[in-house]
Amino acid sequence: MLDIKRLRECPDAVRTGLSARGAENEVVDQVLELDRERRELLTQVETRKSERNRVSKDIGKLKKSGEDTTGVQLEMRELGARIAALDEDVRDVDSRLHELILTIPNIPSATTPVGLDESANVVVRSHGETKAFDFEPKGHVELGEALGILDFHRAARMTSAGFPLLLGLGSRLQRALIQFMLDMHVDKHGYTEMLPPIVVNSKSMTGTGQLPKMADDMYRLPEDDLWMIPTAEVPVTNYFREEIIDRPLPVYMTAFTPCFRREAGAAGKVNRGMIRVHQFDKVEMVKFVDPATSYDELESLLGNAEEVLQELGLAYRVLELCSGDISFAAAKCYDIELWAPGQNDWLEVSSCSNFEDFQARRAGIRYRDSNGKTQFVHTLNGSGVALPRLVVAILENGQQADGSVILPAAIVPYMGGIDRIPMPA
RNA sequence: GGAGGGAUGGCUGAGUGGACGAAAGCACCGGUCUUGAAAACCGGCGACCCGCAAGGGUCCGUGGGUUCGAAUCCCACUCCCUCCGCCA
């Protein structure tokens, strides 16, 4: 949520920021008009309340000294009715204003490249060599089904298309990777591990910015008015919702959760296999930081995600997303993409974003600065990393001519010493 | 699912119609003392909104109601705790 003061004081900068995203900016004028209306009403109602408070105190005194206050009480009753009517107007304008502001996306940071679509994203670095094969590398679907570790057909029968099913060493590999990543973030990077609910209420979804705009992209439990999380960012960030954080910043949290996305509108795209699915596992990192440090924290967050891939010996590149491609709540975002030879393409496995105070304002997450004054924290999060695509990359990069897969050395201890997924006899 | 109890500031906790934004303690900040620290003592210390300011307003789980006036009375809801039942 944008600070209303920011809209009042520099509406042009907000308009420019919205245009850079390709978003409409008439909303700025609507907000300013409602804001003006609201303040006018407030002045009126507060003057009357002030009078009521003063007179009511007098009535108390007069009654104690035994005087008759019937007349003035009647007057006050009328004043009370006027106040009630004005209060209702204020509430009405307030909620309209609030709802409107909730629909406005964050303003891109000055360092976010300007551009309307992914073609304007900037590759900031690459790491590792994309592997050369002396045979035609297969895709993970063909590999995984032959190895007996992926079963899309049975998964579709028990649920529907787009829900993956891992089996045997495939599911063990995914479990090992979760453990590997969590251990790294907890032991090396200083994150506190959390195992949160994966179903949350509407306030939480609004706090991180999924609601109101992304309602159609999420799975919903209408009987209970709850939602299935599209990312662990939601429960983890909402850990401090409506709190003044009473511990030193920064606070780092990491969580493994399944994630659920309807991918409405993505139907029809070529998305065979595990690359775009309705349910996937992910290890997420979330930071609550002092605003002065948030851009440094973004770089180290990105570094934490990169280290996972470096340890696994996978080739990746880092993209700085342009203003038209960053998410609703983000001010700046890096994506990390893994090379997947079977796809002959890069796969996004991590998004590391600085939301500045956008989520903190919505969710009411504050801290006390060195003067004891309450301020909104800055929140950040990044995938560290998303699993099915990581598994895809490991399978496709590690494949041998005979269809077996050699696993990265770093994961072998987590596999109980198993270093290869063999073809079934 | 049944019965009962509860929700007040960063925390604990007093407050049953007017002088209560709210006692007290803890925590925190500043000071005195100390070589330094601790202790002790003194002082400060809720959040949010409107306003250039002076100042004003709102907030005691949430939403309604009664009243000139509500933390306090009434209604509904939410959440938490205890016991019983069921259950992974």
Side-chain angles (χ1 to χ4, degrees), chain A residues 1-10 31-102 195-207 221-227 235 238-251 258 288 290 357 359-377:
Chain A
M1 181 164 64
L2 296 182
D3 187 354
I4 182 77
K5 288 190 202 118
R6 190 168 174 187
L7 282 149
R8 279 206 288 257
E9 285 159 20
C10 28
V31 165
L32 291 178
E33 171 58 23
L34 276 174
D35 179 49
R36 197 193 51 72
E37 205 176 313
R38 172 174 176 273
R39 286 191 284 170
E40 204 166 281
L41 282 167
L42 272 181
T43 312
Q44 288 184 34
V45 74
E46 287 181 3
T47 311
R48 288 173 170 80
K49 283 184 174 173
S50 174
E51 186 187 351
R52 179 175 68 182
N53 289 344
R54 185 172 49 77
V55 175
S56 290
K57 277 186 184 169
D58 288 345
I59 290 175
K61 286 181 199 151
L62 290 171
K63 280 200 159 179
K64 279 206 174 120
S65 56
E67 297 194 36
D68 176 48
T69 57
T70 318
V72 69
Q73 281 191 31
L74 279 175
E75 278 175 42
M76 285 301 104
R77 185 180 303 205
E78 270 176 47
L79 181 61
R82 258 178 288 158
I83 288 172
L86 281 168
D87 261 342
E88 200 166 315
D89 292 345
V90 171
R91 254 201 313 280
D92 178 55
V93 170
D94 249 344
S95 70
R96 274 156 57 204
L97 184 58
H98 188 68
E99 277 167 32
L100 196 57
I101 293 179
L102 283 180
L195 193 59
I198 59 171
V199 169
V200 301
N201 59 32
S202 296
K203 275 191 178 172
S204 293
M205 284 299 188
T206 305
L221 306 167
E223 300 294 322
D224 300 290
D225 195 23
L226 295 170
W227 307 79
N238 277 281
Y239 180 73
F240 287 120
R241 176 152 55 81
E242 281 150 44
E243 282 191 38
I244 297 169
I245 298 178
D246 196 21
R247 65 182 86 171
L249 296 182
V251 174
F288 305 86
D290 185 310
D357 65 4
Q359 292 181 326
R361 273 179 197 285
R362 291 179 157 242
I365 305 171
R366 293 173 294 169
Y367 74 107
R368 287 186 199 282
D369 66 18
S370 52
N371 299 315
K373 182 131 181 61
T374 57
Q375 309 277 5
F376 289 107
V377 299

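Just so it is clear, the values below take in all heavy atoms, side chains as well, and ignore hydrogens, waters and symmetry mates. Chain A is the first sequence line, chain B the second, and so forth, proteins listed ahead of strands; every chain is numbered from 1. Predicted model, so just to flag it, every value in this text is computed and none were measured.
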How close do [X] and [Y] get, heavy atom to heavy atom, and via which atoms?
X	Y	value
Leu34(A)	Val93(A)	O-CG1, 3.6 Å
Asp225(A)	Ser202(A)	OD1-OG, 3.7 Å
Arg361(A)	Met1(A)	CD-O, 3.0 Å

Expected output: side-chain [X] to main-chain [Y] donor-acceptor under 3.5 Å:
X	Y	value
Arg362(A)	Thr206(A)	yes
Ser95(A)	Asp92(A)	yes
Ser50(A)	Glu46(A)	no
Asp369(A)	Lys373(A)	yes

Report the base-pairing partner of [N] (Watson-Crick or G-U wobble, both distances below 3.5 angstrom), or none.
N	answer
rA27(B)	none
rA3(B)	rU82(B)
rA40(B)	rU32(B)

Could you state the [atom1]-[atom2] distance from [X] to [N], rounded to the nearest angstrom?
X	N	atom1	atom2	result
Arg368(A)	rC11(B)	CZ	P	10 Å
Gln73(A)	rC68(B)	CD	P	6 Å
Lys63(A)	rU67(B)	NZ	P	12 Å
Arg366(A)	rG10(B)	CZ	P	8 Å
Asp225(A)	rU62(B)	CG	P	19 Å
Glu9(A)	rC52(B)	CD	P	11 Å
Asn53(A)	rG21(B)	CG	C1'	13 Å
Ile244(A)	rG46(B)	CD1	P	12 Å

[N] and [M]: how far apart are their [atom1] atoms, nearest whole angstrom?
N	M	atom1	answer
rC11(B)	rA19(B)	C1'	28 Å
rC41(B)	rA76(B)	P	50 Å
rG55(B)	rG36(B)	C1'	47 Å
rC50(B)	rG44(B)	P	29 Å
rG56(B)	rG17(B)	C1'	24 Å
rA23(B)	rU62(B)	C1'	27 Å
rC59(B)	rU32(B)	P	42 Å
rU58(B)	rU72(B)	P	15 Å

Would you check if Arg366(A) and Gln375(A) make a side-chain contact, meaning some heavy-atom pair closer than 4.5 Å?
-> no

Enumerate the residues from residues 34-52 of chain A whose closest heavy atom to RNA chain B is under 4.0 Å, giving them by residue number; use none for an empty result.
-> Arg38(A), Arg39(A), Leu42(A), Glu46(A), Lys49(A), Ser50(A), Arg52(A)

Going by number, which of residues 75-100 of chain A have a non-hydrogen atom under 4.0 Å from RNA chain B?
-> Met76(A), Arg77(A), Arg91(A)

Could you pick out which residue, Lys5(A) or Lys61(A), lies toward the 5' side of RNA chain B when each is mapped onto its nearest nucleotide?
-> Lys61(A)

Could you tell me which residues satisfy side chain to side chain contact (heavy atoms under 4.5 Å, CB included) with Glu75(A), sequence neighbours excluded, listed by chain and number?
-> none

Which part of the nucleic acid does Asp58(A) contact within heavy-atom distance under 4.0 Å: base, sugar-phosphate only, or nothing?
-> nothing

Output yes when Asp87(A) and Lys49(A) qualify as a salt bridge under the 4.0 Å nitrogen-oxygen rule, no when they do not.
-> yes

Check whether the side chains of Asn201(A) and Ser204(A) place a donor and an acceptor atom closer than 3.5 Å, and report yes or no.
-> yes

